[in-house]
Amino acid sequence: MGEQVTVFAAYPFKVGQKIRIEGSRRGGDWEVIGVDEHTVTLRCPISKREFTWPIFCYHVADEADAAWPKP
């Protein structure tokens, strides 16, 4: 029998996406203009400023009974 575990996964950004980040200091509307294994580059649609950050957005993938911590 496992524990109730919430699973998070890195968000799979795609160039050209128009996204909105809420609840973060990076909050607002952005266009994804670059993605690699470790970073995402976003452009503000208003100021046109661009920022490259380590991947930081995650989403809940599933909540289920699972071994925790994961072996």
Which residues pass the side chain to side chain contact (heavy atoms under 4.5 Å, CB included) test with [X], not counting sequence neighbours?
X	value
R43	E31, I33, K48, E50
Q17	Y11, F13, K14, I19, V32
R49	S47, F51

Atom pair CH2/CD1 of W30 and I46 - distance to nearest 0.5 Å: 10.0 Å
Heavy atoms of L42 and I21 approach each other most closely as CD1-CD1, 4.2 Å
Partners meeting salt bridge (Lys or Arg N to Asp or Glu O under 4.0 Å) with R20 (sequence neighbours left out): D29
